[in-house]
**Student:** 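Dropping the structure in here first, questions after.
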Amino acid sequence: MSTAPDSQPAAQPAPVLGARGPAGRRRATAGLLIGAVLVGLVVLTALVSFVWTPYDPLQVDSTARLLGPSGEHLLGTDKFGRDTVSQLMLGARTTLFVGFIAVGLAAVVGIPLGVFASMSTSWLGAAVMRANDLLLAFPALLLAIMFGAVFGASTLTAMVAIGIATIPAFARIARSGALQVLSTEYVLAARAAGRRRVGIAVRHVLPNISGLLIVQASVSFAIAVLAEAALSFLGFGTRPPTPSWGRMLQESQEFLYLTPRLALVPGIAIAVAVLGFNLLGDGLRDRFDPKLEDR
Amino acid sequence: MSLPSRRRRALAAGALAVVLAGCSAGSGTSEPSSGDPAEAAPSTLAVGLAAEPASLDFTTTDGAAIPEALLYNVYETLVKLDSESGEVVPLLAEDYEVSDDGLTYTFTLHEDVTFSNGDEFTADDVKYSIERVQSEAWTVSLKEAMSIVGSVEVSSPTEVVVNLSEPSNDWLYRMTTRIGAMFSETGVDDLANTPVGTGPYVLDTFTRGDSLTLATRDDYWGEAPDVEEVTLRYFEDATAMNNALLSGGIDVIGTLQSPESLERFADDDRFEVLEGTTNGELVLSMNNARPPFDDVRVRQAVRHALDRQAILDTTYAGYGELIGSMVPPTDPWYEDLTDVAPYDPAQAQALLAEAGVSDLNVAFRIPNLPYAVTASQVVKSQLAEVGINAEIEVLEFPARWLDVVFQQNDYDMSLIAHVEPRDMTIFADPDYYFGYVDPEFQSTLEQAGTADSEQYVELMRQAARQLSEDAAADWLFVLPNLIVAEQDVQGLPVNRVSESFDLTGVTRA
Amino acid sequence: MTVQQHLRKADPRDHRGANRDVVLTVDGLDVATRRLPLLTDVSFRLTRGERVGLIGESGSGKSLTALALMGLLPEGVHAEGSVRLAGADHDLVGASEKQMSWVRGRRMSMVFQEPMTALNPVMRVGKQVEEGMLLHRTQDSRPAARAAALDLLARVRLPDPASAARAYPHQLSGGQRQRVMLAMALANDPEVLVCDEPTTALDVTVQAQMLELILEASVERDAAMLFITHDLPVVATVCQRLLVMYGGRIVESGTVEQVLTRPRHPYTRGLLAASDLELVDEAGRLRTIPGTVPAAGQFPDGCVFRNRCDHEVDRCTTFPPWAGQQEHGFACWNPTGEDVRA
Amino acid sequence: MLVQVLRRLAVFVLSLVAASVLVFAFMAVLPGDPAQIALGVSATPESVAATRAAFGTDRPLVVQYAGWVSGLPVGDFGSSYVSRTAIGPQILDRVQVTLWLVLCATALALVLALPLGVLAAARHRSASGAVVSGVSQLGIAVPSFLAGILLVTVFAVRLGVLPSGGWVPPAQNPGEFVRHLVLPVVALGVVQAAVLTRYVRSAVLDVLREDYVRTARAKGLGPLRALARHGFRNAAIPVVTVLALQVATLLIGAVVVERVFVIPGLGSLLLDGTANRDLLLVQGVVMVLVVAVLLVNLLVDLLYTVIDPRLRAG
């Protein structure tokens with residue numbers, strides 16, 4: 001029977017029609033594409049900044065303060081006479097760095113916790129999820145302010161705070177995804193074949209929830225970028241002279257009347273990055289989430 | 001541990017400085033319905049200020065915001081500092097005399113002065129107030145300035161004699177500050193919430209995190225102020241304060257926190273911009289007690305490496321004044337010492353070479369105050385030009401900066417404004433965070449303290465020059481006092497040389 | 001004008017005579033997305049009280065046919081052709097939402113395949129049954145609707161209808177839910193009942209009871225029924241006539257007896273062979289139709305079945321015309337069994 | 001069902017206790033001696049010791065914790081180390097302000113997001129749906145403090161139609177109260193509305209694809225009626241979840257917006273307290289915020305059981 005094609009009519013629903021039919025799919029793909037391009041732009045900017053910036057981003061030049069956009073300084077200079085483009089490029093690095101560390105931390109801690117909770121039948125699994133819920137009561141900003149108060153505010157405390165606050169999101173997604181995978185027949189088969197839990201987690205669960213996790217990572221990244229900006233604005237984030245978009249925005253506040261450009265440029269940069277990661281996340285979700293596929 | 005009294009005073013100066021200089025206790029504010037320009041009656045005024053008082057009791061709570069609001073307005077002193085001339089002038093004392101040996105001060109008091117609780121103000125209250133400063137009731141460190149008083153004698157209800165244990169050129173000046181405030185024995189029960197003084201204003205309401213309202217009282221002994229109700233609104237955020245003025249929420253920005261926005265107001269017919277001066281020297285401190293800044297040549301190199309005008313331009317949009325030592329231009333012994341260590345990177349490099357240091361890395365630990373954050377970045381960049389790498393580390397102010405830099409002295413370089421009046425004495429304190437120990441400088445100041453007034457000025461001048469030549473620190477500039485007010489507001493205290501935001505002379509046309 | 005006259009007028013091609021009233025006429029129904037044809041030229045008729053089975057593998061277009069009749073096609077999927085209902089003076093294809101709302105649940109109702117998801121989980125069962133009656137005003141008051149709902153629930157043999165009415169769907173078993181679905185579908189005594197694999201999701205034991213109920217209900221009301229299934233024994237029990245569907249087309253039709261005993265289309269034959277558990281091939285394996293149902297748009301040109309057919313001839317590259325009558329015929333160039341063409 | 005509610009309440013109380021331990025322990029790590037800070041750096045050791053005794057910070061941590069936590073239920077948060085005044089009333093004052101802000105912003109977010117989200121879902125293939133989706137994406141990408149700053153610049157400074165910030169209690173002057181509330185609520189609410197719109201959209205889209213909505217349509221309900229009668233309640237479940245998460249975000253977003261609009265709420269109290277090392281105050285405010293979030297979670301969980309009968313099973 002196994003060699004013969006399966007003619008059992010109940011076999012597979014043909015994934016033909018979709019409430020999100022071709023048009024919806026096209027739009028989702030467009031979103032994914034725009035998201036990928038925006039994120040790519042930010043990443044590229046950050047990468048290029050390692051080898052080249054138009055000027056030294058930290059070079060203070062009191063003779064070149066508050067210059068308007070020109071051929072020499074494409075987006076002008078700030079009150080220190082620093083080149084805005086160069087600052088922006090270095091800021092992209094900070095932004096991505098914060099995002100990577102925060103999301104990475106959340107993923108590294110959250111995913112194993114979630115998978116563990118999904119597989120554990122003892123009280124420990126329940127306890128992990130309860131602790132997770134409790135952590136939800138400490139939003140990133142609150143944690144960062146507390147961390148800043150205790151350890152002194154810095155990029156590090158901001159990253160760690162944002163990361164810790166993002167753990168529950170990953171743990172939840174990992175747990176619910178894992179529960180779904182664990183109830184599938186091939187996992188039951190693997191169990192029946194005597195495979196150990198860790199083996200199942202690594203062989204079956206993780207690969208199957210990776211799509212969900214990538215989506216979560218993308219969305220969390222967007223949130224981390226916003227959180228870093230807000231923290232820098234409040235003075236709990238990145239410390240000078242390291243440029244970050246949030247800090248650029250905060251520093252440029254007093255120029256709002258005379259040189260609004262200084263605030264708008266980092267503001268737009270933040271919006272672009274957040275938009276990019278969100279669109280990317282949404283697009284990926286449409287790709288990965290089977291729920292949206294059929295019917 | 002018992003610190004020498006001078007150390008305590010010096011520390012006090014520092015503590016005060018950092019509080020006034022920053023946005024330590026600021027908070028939100030609100031605009032009253034009366035803030036609406038259409039409704040604003042001429043007898044009310046709303047002033048935006050940065051730091052909110054943590055409490056209303058300056059006898060036990062440190063911080064510049066309390067005397068800023070209450071001194072001269074609610075509490076009065078025997079003598080006050082005139083904000084125009086910077087001179088000591090009589091207030092509650094009609095007149096005063098100093099004996100030739102400088103030990104005895106005789107004050108003649110105004111008659112018919114009453115406290116806001118109705119009690120009469122007499123010589124007994126002066127004795128009570130001065131002795132109270134010396135008692136346990138006062139806990140703030142500034143009280144040390146009163147320890148020089150030996151005894152207070154009441155010779156009549158309107159005459160009081162103060163005997164000092166040693167002559168002082170400084171004591172009368174200190175009497176213009178909060179420690180000279182006159183209290184009533186029946187009015188000290190709830191100082192944190194209900195201040196009782198002889199001033200023209202009484203506290204109307206204090207909404208924490210928001211504003212403080214002062215109202216005139218009917219039985220004031222002197223000339224009643226023109227403005228009947230003043231609301232002091234506290235803004236943590238400089239931009240928010242600017243916006244409040246622009247949108248009619250307040251009438252005056254008491255101290256502009258964002259100098260770059262000044263142009264916006266200068267261009268606007270509705271507003272007048274007042275530029276005055278302060279006592280706030282922006283000190284770039286170098287830890288004299290440990291390498292590399294234990295070497296005078298390295299310190300001098302730093303001074304030569306800095307283009308202070310550029311720092312001033314960036315930090316305060318060019319407002320403020322270059323000084324060159326620990327003396328603001330309003331002090332009698334001020335002299336322009338900017339040429340002691342002019343901007344000269346070549347000279348700086350030569351000095352560094354002479355000292356035998358290269359690839360210098362220094363810990364530059366600054367408070368998270370806006371001006372320090374800005375200025376430090378320029379300093380860092382300029383030092384890099386001569387091969388000094390200053391690693392900026394921003395510490396939260398006040399708590400962490402005080403802890404790390406001020407108390408543990410764990411820093412190479414720092415940056416903060418010292419706004420305490422006549423505070424060159426802090427350099428004479430060997431335990432102060434500067435780590436500057438120079439017996440000659442100490443003895444010069446000691447002599448000055450007891451010298452006659454002419455010699456006093458000369459000795460102080462000499463001390464200031466020595467400080468500068470020793471490069472005990474670098475003095476970037478003196479902070480400007482920038483006030484923006486609606487055109488009809490007159491008589492604002494243009495110079496911030498006293499502790500008070502003196503409202504008594506303010507009028508609205 | 002009687003219904004009968006009306007129908008004659010509506011469908012002049014009715015050549016079968018008037019011994020039974022035609023209630024539903026589907027003629028040349030095409031369903032497609034913007035790019036893909038999904039159903040092609042589907043035509044059939046249902047007469048009063050007639051029970052017609054629609055069979056075929058998954059993906060052959062059965063459910064889509066049902067949805068097209070109900071006007072419930074998913075977004076982006078459009079129908080062309082004609083679907084006419086007795087008593088309705090408009091074609092259901094291209095009818096407005098308002099017109100369709102009048103038809104749905106009143107003239108024509110549907111029992112869905114999946115009882116677990118087809119009921120609103122947050123609404124009490126009784127209310128869901130009442131809703132249709134109140135909507136179409138077949139019961140004019142809430143208490144009347146409630147009483148009618150209880151009666152319906154009793155008639156679909158739910159034990160303790162009163163408590164069932166108060167229950168939420170999740171508190172009922174799959175079989176019970178499907179009874180509720182049936183009760184809802186029958187609430188307004190529709191002329192046409194469309195059942196889309198109503199027993200597929202149920203346990204075997206429950207299936208039989210359910211089938212009995214459905215049969216009973218349609219007989220009782222003399223309602224026409226389109227019964228979709230892939231289960232041939234079920235079809236044999238319930239239906240009188242059969243439509244065999246493959247690749248979005250009806251490939252064979254006839255009475256149950258005709259189709260099941262003398263299949264003409266190779267596909268029908270394959271289906272029968274695959275469902276016969278006693279029939280094995282030379283190697284002793286169960287018979288199957290080779291290959292799988294292609295995805296929509298992947299069907300071959302010409303005869304849609306030719307890539308899986310062991311009877312393929314040259315002419316199969318063009319789609320075979322319908323042979324025989326609408327009620328009994330097939331679409332194949334090279335049919336099995338007796339050749340009606342000859 | 002009662003058992004479930006009781007169990008949920010027990011979890012809530014346990015979470016409160018765990019949170020209080022966390023907050024207390026965390027604040028206990030803070031460097032710096034409150035007594036020293038309160039007295040200024042030059043205070044004598046004797047007076048520091050005396051103040052320490054007065055503050056009670058010389059007691060063992062466990063005793064301090066017990067003292068602190070036992071006061072919480074009755075609103076006794078201790079006395080501030082800085083202002084020496086009771087913290088409870090201060091927090092109460094500020095809570096009222098922040099509550100107005102958060103509630104109004106939530107209301108605004110709902111008023112905007114529900115119709116827009118439904119529209120975007122119902123028309124997700126048409127241009128109007130795409131516009132709503134696109135605008136909401138942009139709305140999410142703009143930091144709320146930037147939105148706030150821009151709002152002030154336009155409406156307060158340029159046009160002068162609304163105050164730039166500040167707070168007037170409703171009892172004092174209802175008209176001014178509203179005028180002062182508009183911009184901060186818009187800054188806070190519109191960004192949240194953008195987030196919520198997207199969740200409403202996807203929840204409604206999901207529900208529209210549900211079998212029971214098709215069943216309802218098969219009964220003869222029109223598309224909107226089917227959605228309204230059968231879809232909303234089901235869609236409410238994910239939306240309520242998100243709303244709960246958003247209240248937490250809003251509470252924290254309020255910290256930022258209060259800074260921009262100079263509003264004396266919990267956020268500014270928290271920031272001031274942090275800057276002044278007003279340990280007990282910060283501890284109190286953090287605790288209040290955490291309790292608020294936990295409380296919202298509790299309410300939402302209870303709300304689930306109202307919305308979804310499936311969760312009522314014992």
Side-chain angles (χ1 to χ4, degrees), chain A residues 18-21 23-24 27 31 130-131 133-143 145-153 169 222-223 225-227 229-231 233-236 246 249-250 253 256-257 260 263-264 266-267 270-279 282 285 291-292 294-295, chain D residues 11 14-15 18-19 22-23 26-27 29-31 124-125 130 133-134 137-138 140-146 149-150 152-153 157 191 198 202 205-206 208-209 211 214 244-245 248-249 251-253 255-256 259-260 267 270-271 273-275 277 279 282 285-286 289-294 296-297:
Chain A
R20 88 182 18 235
R27 187 161 301 136
R130 279 270 93 91
D133 287 351
L134 183 62
L135 198 53
L136 273 179
F138 292 85
L141 242 62
L142 189 61
L143 273 183
I145 291 172
M146 287 166 70
F147 280 16
V150 173
F151 305 110
I223 296 171
V225 171
L226 279 179
L231 282 172
F233 174 77
L234 291 177
F236 284 92
L249 196 55
Q250 194 260 342
Q253 261 205 86
L256 216 54
Y257 309 121
L264 287 179
I270 293 170
V272 162
V274 174
L275 188 65
F277 280 106
N278 270 332
L279 285 176
D282 281 5
R285 178 177 295 132
K291 198 170 68 179
L292 303 178
D294 53 43
R295 209 185 21 253
Chain D
V11 168
L14 274 179
S15 304
L22 270 181
V23 171
F26 202 83
M27 287 298 153
V29 185
L30 269 178
H124 75 278
R125 285 165 172 284
S133 295
Q137 278 284 18
L138 276 178
I140 295 169
V142 176
S144 62
F145 64 91
L146 184 60
I149 291 169
L150 293 176
V152 170
T153 309
V157 176
V191 175
R198 296 177 32 69
S202 84
L205 268 182
D206 282 352
L208 281 177
R209 294 181 189 123
D211 285 356
R214 194 177 57 185
L245 288 175
T249 322
L251 275 172
I252 293 309
V255 174
V256 182
R259 167 68 69 89
V260 174
L270 177 68
L271 292 178
T274 311
R277 277 300 185 282
L279 192 73
V282 172
V285 176
V286 169
L289 288 173
V290 169
V291 168
V293 175
L294 289 174
V296 169
N297 285 340

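Nothing here was measured: the structure is a model prediction, and the numbers come from that model. Chain identifiers are assigned alphabetically (A, B, ...) following the order of the sequence lines, protein sequences preceding nucleic acid strands; residue numbering begins at 1 within each chain.
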**Student:** So which of D:Ile149, D:Leu138, D:Leu294, D:Leu289 has the biggest tally of heavy-atom pairs under 4.5 Å with chain A?
**Tutor:**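 Highest number of heavy-atom pairs under 4.5 Å: D:Ile149.
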**Student:** Could you check D:Leu251, D:Leu270, D:Val256 and say which one makes a side chain to side chain contact (heavy atoms under 4.5 Å, CB included) with A:Leu141?
**Tutor:**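 Exactly one pass, corresponding to D:Val256.
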**Student:** Measure the shortest side-chain to side-chain distance between A:Phe138 and D:Val23 over non-hydrogen atoms and say whether it is less than 4.5 angstrom.
**Tutor:**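 Heavy-atom side-chain distance check passes, below 4.5 Å.
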**Student:** Please look at D:Ile140 and chain A and tell me whether the side chain, the backbone, both or neither of the residue comes under 4.5 angstrom of a heavy atom of that chain.
**Tutor:**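 Contact with chain A: backbone and side chain both.
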**Student:** Roughly how far apart are A:Met146 CE and D:Leu22 CG, rounded to 0.5 Å?
**Tutor:**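 Here the interatomic distance stands at 7.5 Å.
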**Student:** Please classify the contact of D:Val285 with chain A as side chain, backbone, both or neither, using a heavy-atom distance under 4.5 Å.
**Tutor:**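 The answer is neither part of D:Val285.
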**Student:** Search all heavy atoms of A:Leu134 against all heavy atoms of D:Ala19 and return the closest pair with its distance.
**Tutor:**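 What the structure gives for the nearest pair is CD1-CB, 4.0 Å.
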**Student:** How long is the span from the CD1 atom in A:Ile223 to the OG1 atom in D:Thr249, to the nearest 0.5 Å?
**Tutor:**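 A:Ile223 CD1 to D:Thr249 OG1: 8.0 Å, rounded to 0.5 Å.
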**Student:** Nearest 0.5 Å please: distance from the CG atom of A:Leu264 over to the CG atom of D:Leu150.
**Tutor:**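 Separation between the atoms: 6.5 Å.
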**Student:** In terms of heavy-atom proximity below 4.5 Å to chain A, should D:Leu14 be classed as side chain, backbone, both, or neither?
**Tutor:**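 For D:Leu14, no heavy atom lies under 4.5 Å from chain A.
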**Student:** Could you report the tightest heavy-atom contact between D:Pro143 and A:Ile270, atom names first, then the distance?
**Tutor:**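 For D:Pro143 versus A:Ile270, the nearest heavy atoms are CG-CG2, 3.7 Å.
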**Student:** Do the side chains of D:Val260 and A:Phe233 get nearer than 4.5 Å, heavy atoms only?
**Tutor:**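 A:Phe233 vs D:Val260: side chains touch.
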**Student:** Side chain, backbone, both or neither: which part of A:Ala222 has an atom under 4.5 Å from a heavy atom of chain D?
**Tutor:**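 Nothing of A:Ala222, per the 4.5 Å heavy-atom cut-off to chain D.
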**Student:** Between CZ of D:Arg198 and CG of A:Asn278, what distance do you get to the nearest 0.5 Å?
**Tutor:**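 So the CZ of D:Arg198 and the CG of A:Asn278 are separated by 6.0 Å.
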**Student:** For A:Phe147, is it the side chain, the backbone, both, or neither that has a heavy atom closer than 4.5 Å to a heavy atom of chain D?
**Tutor:**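 For A:Phe147, the contact with chain D is made by backbone and side chain together.
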**Student:** Among A:Leu136, A:Asp133, A:Ile145, A:Val225, which residue has the highest count of heavy-atom pairs closer than 4.5 Å to chain D?
**Tutor:**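 Greatest number of close heavy-atom pairs with chain D: A:Ile145.
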**Student:** Identify which part of D:Thr274 has an atom lying under 4.5 Å from any heavy atom of chain A, answering side chain, backbone, both or neither.
**Tutor:**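 Side chain of D:Thr274 only, per the 4.5 Å heavy-atom cut-off to chain A.
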**Student:** Non-hydrogen atoms of chain A under 4.5 Å away: do they reach the side chain of D:Leu271, the backbone, both or neither?
**Tutor:**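 Contact with chain A: side chain only.
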